[in-house]
**Student:** 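Here you go, one structure.
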Amino acid sequence: MLGPSGHLDTFARDNLPPPDQWPEIRLDGFDYPEWMNAGVELTDRMVERGFGDNTALIGNGRRRTFKELSDWTNRIAQALTEDYGLKPGNRVLIRSANNPAMVACWLAATKAGAVVVNTMPMLRSGELAKIIDKAEISIALCDTRLMDELVACAKESRFLKQVIGFDGTANHDAELDRAALNKPVRFEAVKTGRDDVALLGFTSGSTGVPKATMHFHRDILIIADAYAKEVLGVTPDDVFVGSPPLAFTFGLGGLAVFPLRFGAAATLLEQATPPKMIEIIETYKATISFTAPTAYRAMLAAMDAGADLSSLRIAVSAGETLPGPVFDEWVKKTGKPILDGIGATEMLHIFISNRLGDSKPACTGKPLTGYEAIVVDDDMNEVPRGTIGKLAVKGPIGCRYLADDRQKEYVRDGWNLTGDSFVEDEDGYFHFAARSDDMIVSAGYNIAGPEVEAALLKHEAVLECAVIGVSDEARGTIVEAHVVLVKGAEASELMVKILQDHVKAVIAPYKYPRSVVFTDALPKTESGKIQRFRLKQKPSA
């Protein structure tokens, strides 16, 4: 079933799900050599194809051509293998904001045959520890501006042996940069198999216990050769911009894989706020934007104030469903398409999308070529069109969790169940209805309610709490915490801020409850189970 492997450390392949738990993988039209390295394909191979002088990455005040990126990544890969003992198949964690150095580290580690885990700078040591333990990570590459949490984590970790600093600014003055400086610009990349695991994408799931989705070298190219080619029609003249972290597979595709695969340029922002995005679009004449509906709302308001976004030829929206009014207003103001789509970390990237010339409001579109989607009931029977059910998908990429019993929940009868409820209309277009589980999707971020509850319960003033998602005009959904305080603690605006700051300190800050409702008691069943659905029925504060 699987092709040959170039990994000396066989951990990743050893921890793939049993073959009978895999989804059906359909590779028709996606033909790659038996031996291939995605890092090479996105750098050295592009230079060979004549794109050496094209700009590849823009960020932190510098431009990097494809030739410079190829040389840079080869030097880092050489340093990782010679100076730090990296072996093919070892897991390497990368901690950084979006910048060219992070992309270079990812590509270099991939060339060296590592299985890479990209992480967000917002994660705290406790969250990093779960990832490191799950993937048995021994080496971490970290932007020197973000070392504290990772160093704290390493002190307690039985797996993490080396934390190597790199300079995420344009100065290139950190340990890894200095080690790489003396290396040759040529590197014999590790001969990896197309079916070797190259990337672990972590997703928290509704329980807050991280799941690692396993993606092969071929998968990294498939997302470009499917979505980016078919839907975006990327050319070397395109300039990409976006807000999602590279640690999200949505961001890695849209801000690294897609532009590099087709000789285009990526602009990378460490703080991708809507004003910064607008500034970058105006400065570099960006043509393709990747962000969530929240940011597009802000861009529309900025256009009213005189912002010039006319260079954009495509706006891609994902992370949460695109509201119809935002679609209508965007098309009206720009005359350009805004394409809604749905992807999943398990599927690596978008698999259903609107198309240029075939997009409409409140619609997610149709499956990409090579993918099939149906809407099913709890027994996996396809429901009649026009009926809400669970979305099930098959294609060239599918869910493979790293040693996780939840594989059996995500994959049934060969189909990937994404956890989304959809409706397929009579014309074969798919329309999002809701998340099927208790995941809260806020401004494009997936937030597990139980994890926020656990953080709140660590505060001495909190007796009980329940977290739900409530509608919000700006963010789609926000986290709302219903809190029962201990005797003697005072419900006040000050207490709201204290609890919010506490959550930000314990887990990634974006997960904090933007609304806090104090209550004397939580609704429960006779057995004492909290009835969150009843909280959702109440008007929020």
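Counting begins at 1 with the first residue of the sequence. Any value given below was found using the heavy atoms of this structure, including those in side chains, with hydrogens, waters and symmetry copies removed. All values reported here derive from a predicted model rather than from experimental measurement.
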**Student:** Given side chains that start at C-beta, do those of L348 and I222 come closer than 4.5 Å, heavy atoms only?
**Tutor:** no
**Student:** Can you see which heavy atom on I314 is nearest to which on L339, and at what distance?
**Tutor:** CG2-CD1, 3.8 Å
**Student:** Run I350 and V316 through side-chain contact (heavy atoms from CB on, under 4.5 Å) and show every step you take.
**Tutor:** CA-CA 10 Å; I350 293 171; V316 176; 4.2 Å; yes
**Student:** Which heavy atom in V257 sits nearest to a heavy atom in A224, and how many Å separate them?
**Tutor:** CG1-CB, 4.0 Å
**Student:** Is the closest basic N to carboxylate O distance between D53 and K67 below 4.0 Å?
**Tutor:** no
**Student:** Test your reading of the model: is there a side-chain donor-acceptor pair from H459 to the backbone of L499, 3.5 Å cut-off?
**Tutor:**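 Flag not set: sc H459 to bb L499 has no pair under 3.5 Å.
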**Student:** Anything under 30° is parallel, anything over 60° is perpendicular, the rest tilted; go ahead and classify Y227 against F258.
**Tutor:**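 Taking F258 first and then Y227, their aromatic rings sit tilted (interplane angle of 30° to 60°).
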**Student:** Would you check, one step at a time, whether the test side-chain contact (heavy atoms from CB on, under 4.5 Å) holds for T273 with K276?
**Tutor:** CA-CA 5 Å; T273 60; K276 288 275 189 191; 3.2 Å; yes
**Student:** Could you grab the distance from atom CD of Q78 to atom CG of N182, nearest 0.5 Å is fine?
**Tutor:**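 So the gap between those two atoms works out to 11.5 Å.
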**Student:** After noting the C-alpha distance and the side-chain angles of V393 and M347, does the key distance pass the side-chain contact (heavy atoms from CB on, under 4.5 Å) rule?
**Tutor:** CA-CA 9 Å; V393 188; M347 306 290 289; 3.8 Å; yes
**Student:** Would you say that more than 12 heavy atoms from the other residues, nucleotides or ligands in this model lie under 6.0 Å from the CD of E156, or not?
**Tutor:**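 Open: at most 12 neighbouring heavy atoms sit under 6.0 Å from CD of E156.
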**Student:** Taking atom types as modelled and ignoring hydrogens, do the side chains of E346 and T213 form a donor-acceptor contact shorter than 3.5 angstrom?
**Tutor:**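 Not at all, the side chains of E346 and T213 share no donor-acceptor pair under 3.5 Å.
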**Student:** Check the pair E175, Y84 against side-chain hydrogen bond (donor to acceptor under 3.5 Å, both in side chains), reporting the backbone distance first and the verdict last.
**Tutor:** CA-CA 11 Å; E175 180 185 349; Y84 300 104; 3.0 Å; yes
**Student:** Identify each donor-acceptor pair in which a side-chain atom of residues 98-117 lies under 3.5 Å from a protein atom, sequence neighbours left out, and give them as a table.
**Tutor:**
residue: N98; atom: OD1; partner: L246; partner atom: N; Å: 2.8
residue: N98; atom: ND2; partner: P244; partner atom: O; Å: 3.0
residue: N99; atom: OD1; partner: A101; partner atom: N; Å: 3.2
residue: N99; atom: OD1; partner: M102; partner atom: N; Å: 2.9
residue: N99; atom: ND2; partner: S96; partner atom: OG; Å: 3.2
residue: N99; atom: ND2; partner: A97; partner atom: O; Å: 3.4
residue: N99; atom: ND2; partner: E270; partner atom: OE2; Å: 3.0
residue: T110; atom: OG1; partner: W106; partner atom: O; Å: 2.7
residue: K111; atom: NZ; partner: T43; partner atom: OG1; Å: 3.0
residue: K111; atom: NZ; partner: D44; partner atom: OD1; Å: 2.5
residue: K111; atom: NZ; partner: T73; partner atom: OG1; Å: 2.9
residue: K111; atom: NZ; partner: N74; partner atom: OD1; Å: 2.7

**Student:** Using a strict 4.0 Å threshold on nitrogen-to-oxygen distance, state whether E149 and R95 make a salt bridge.
**Tutor:**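 Not counted as a salt bridge, because no side-chain N and carboxylate O are separated by less than 4.0 Å.
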**Student:** Judged by atom type as modelled, is there a donor-acceptor pair below 3.5 Å linking the side chain of D404 to the main-chain atoms of Y401?
**Tutor:** no
**Student:** Are R218 and E34 ion-paired here, with the side-chain N under 4.0 Å from a carboxylate O?
**Tutor:** no
**Student:** To the nearest 0.5 Å, what is the distance between CZ (F11) and CZ (R91)?
**Tutor:** 5.0 Å
**Student:** Within a radius of less than 6.0 Å around NZ of K229, do more than 12 heavy atoms belonging to other residues, nucleotides or ligands occur?
**Tutor:**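 Result for NZ/K229: open.
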**Student:** Output yes when E127 and K130 qualify as a salt bridge under the 4.0 Å nitrogen-oxygen rule, no when they do not.
**Tutor:**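 The answer is no: the pair does not qualify as a salt bridge.
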**Student:** Using modelled atom types and a 3.5 Å cut-off, is there a donor and acceptor pairing between side-chain atoms of T345 and backbone atoms of G201?
**Tutor:**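 A pair under 3.5 Å: no.
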**Student:** Quick test of your reading of the model: are D28 and R26 salt-bridged, counting only N-O distances below 4.0 Å?
**Tutor:** no
**Student:** Quick one about D195 and Y32 (side-chain donor to acceptor, distance below 3.5 Å, no hydrogens or angles considered), yes or no?
**Tutor:**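 No - no donor-acceptor pair under 3.5 Å links their side chains.
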**Student:** Side-chain donor-acceptor pair under 3.5 Å between D196 and S5, yes or no?
**Tutor:**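 Note: D196 and S5 side chains meet the donor-acceptor criterion.
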**Student:** Distance only, no hydrogens: is a donor on one side chain within 3.5 Å (strictly under) of an acceptor on the other, for Y284 and E279?
**Tutor:** no
**Student:** Hey, could you give me the CD/CG distance between E68 and L57, rounded to the nearest 0.5 Å?
**Tutor:** 10.0 Å
**Student:** In terms of side-chain geometry, is the basic nitrogen of R145 or D167 positioned less than 4.0 Å from the acidic oxygen of its partner?
**Tutor:**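 The answer is no: the pair does not qualify as a salt bridge.
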**Student:** Check the surroundings of atom CZ in R186: do more than 12 heavy atoms from other residues, nucleotides or ligands lie under 6.0 Å from it?
**Tutor:** no
**Student:** Side chains of I223 and T249, heavy atoms from C-beta outward: is any pair under 4.5 Å?
**Tutor:**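 Not touching, per the 4.5 Å side-chain cut-off.
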**Student:** Over all heavy atoms of both residues, which pair between A174 and G165 is shortest? Give the atoms and the distance, please.
**Tutor:** CB-O, 3.7 Å
**Student:** Salt bridge check: are E41 and R45 linked by an N-O gap of less than 4.0 Å?
**Tutor:** yes
**Student:** Strictly below 4.0 Å, N to O, side chains only: are K183 and D83 in salt-bridge contact?
**Tutor:**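 Between D83 and K183 there is a salt bridge, with a charged N closer than 4.0 Å to a carboxylate O.
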**Student:** Quick check: closest heavy atoms across L368 and A226, and the distance to 0.1 Å?
**Tutor:**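 What the structure gives for the nearest pair is CD1-CB, 4.2 Å.
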**Student:** In Å and rounded to the nearest 0.5 Å, what is the CZ to CG distance from F202 to L93?
**Tutor:** 8.5 Å
**Student:** Find the distance between NZ (K134) and CG (L402) and round it off to the nearest 0.5 Å.
**Tutor:**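 Those atoms lie 5.5 Å apart.
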**Student:** Work out which heavy atom in A247 is nearest to a heavy atom in N118; give both atom names and the distance.
**Tutor:** CB-O, 3.5 Å
**Student:** Would you say the side-chain atoms of Q162 pair up with the backbone N or O of I139, donor to acceptor, closer than 3.5 Å?
**Tutor:** no
**Student:** Should R400 and D219 be marked as a salt bridge (Lys or Arg N to Asp or Glu O under 4.0 Å) after you check the CA-CA gap, both sets of side-chain angles, and the distance that decides it?
**Tutor:** CA-CA 12 Å; R400 294 174 294 253; D219 299 339; 2.6 Å; yes
**Student:** Taking the inter-plane angle between the rings of F51 and F66 on a 0 to 90° scale, is it parallel (under 30°), tilted (30 to 60°) or perpendicular (over 60°)?
**Tutor:** tilted
**Student:** Could you tell me how the ring of Y510 sits relative to the ring of Y445: parallel (under 30°), tilted (30 to 60°) or perpendicular (over 60°)?
**Tutor:** parallel
**Student:** Does the pair E372/K394 count as a salt bridge with the N-to-O cut at 4.0 Å?
**Tutor:** no
**Student:** If you define the side chain from C-beta out and look only at heavy atoms, does anything of F216 sit under 4.5 Å from L16?
**Tutor:** yes
**Student:** Has the side chain of T55 got a donor or acceptor atom that lies under 3.5 Å from a matching backbone atom of R63?
**Tutor:** no
**Student:** Determine, step by step, whether H172 and W72 satisfy the ring-ring contact (aromatic ring centres under 6.0 Å, His included) criterion, reporting the C-alpha distance in whole Å, the side-chain angles of both residues, the deciding distance to 0.1 Å, and the verdict.
**Tutor:** CA-CA 11 Å; H172 304 299; W72 188 13; 5.2 Å; yes
**Student:** Check whether any side-chain N or O of S442 sits under 3.5 Å from a backbone N or O of T477 as a donor-acceptor pair, and report yes or no.
**Tutor:** yes
**Student:** Can you check whether K191's main-chain N or O pairs, donor with acceptor, with N37's side chain at less than 3.5 Å?
**Tutor:**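 Judged by distance alone, no pair lies under 3.5 Å.
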**Student:** Without swapping roles, check the side chain of T65 against the backbone of N54 for a donor-acceptor pair under 3.5 Å.
**Tutor:** no
**Student:** So that I can tick it off, tell me whether D71 and R75 are bridged by a salt bridge, with the cut-off set at under 4.0 angstrom between side-chain N and carboxylate O.
**Tutor:** no
**Student:** What is the minimum heavy-atom distance between I220 and A198, and which atoms define it?
**Tutor:**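 Closest approach of I220 to A198: CD1-CB, 3.9 Å.
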**Student:** When you check the side-chain N and O atoms of D238 and T287, is any donor under 3.5 Å from an acceptor?
**Tutor:**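 Yes, a side-chain donor-acceptor pair sits under 3.5 Å.
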**Student:** Can you list everything that forms a ring-ring contact (aromatic ring centres under 6.0 Å, His included) with H215? Sequence neighbours excluded, please.
**Tutor:**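 For H215 there are no ring-ring contact (aromatic ring centres under 6.0 Å, His included) partners, ignoring immediate neighbours.
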**Student:** Could you check L160 against L128 for side-chain contact (heavy atoms from CB on, under 4.5 Å), going step by step and ending with a plain yes or no?
**Tutor:** CA-CA 11 Å; L160 186 57; L128 290 165; over 6 Å; no
**Student:** Report the distance from atom NZ of K511 to atom CZ of R124, rounding to the nearest 0.5 Å.
**Tutor:** 10.5 Å
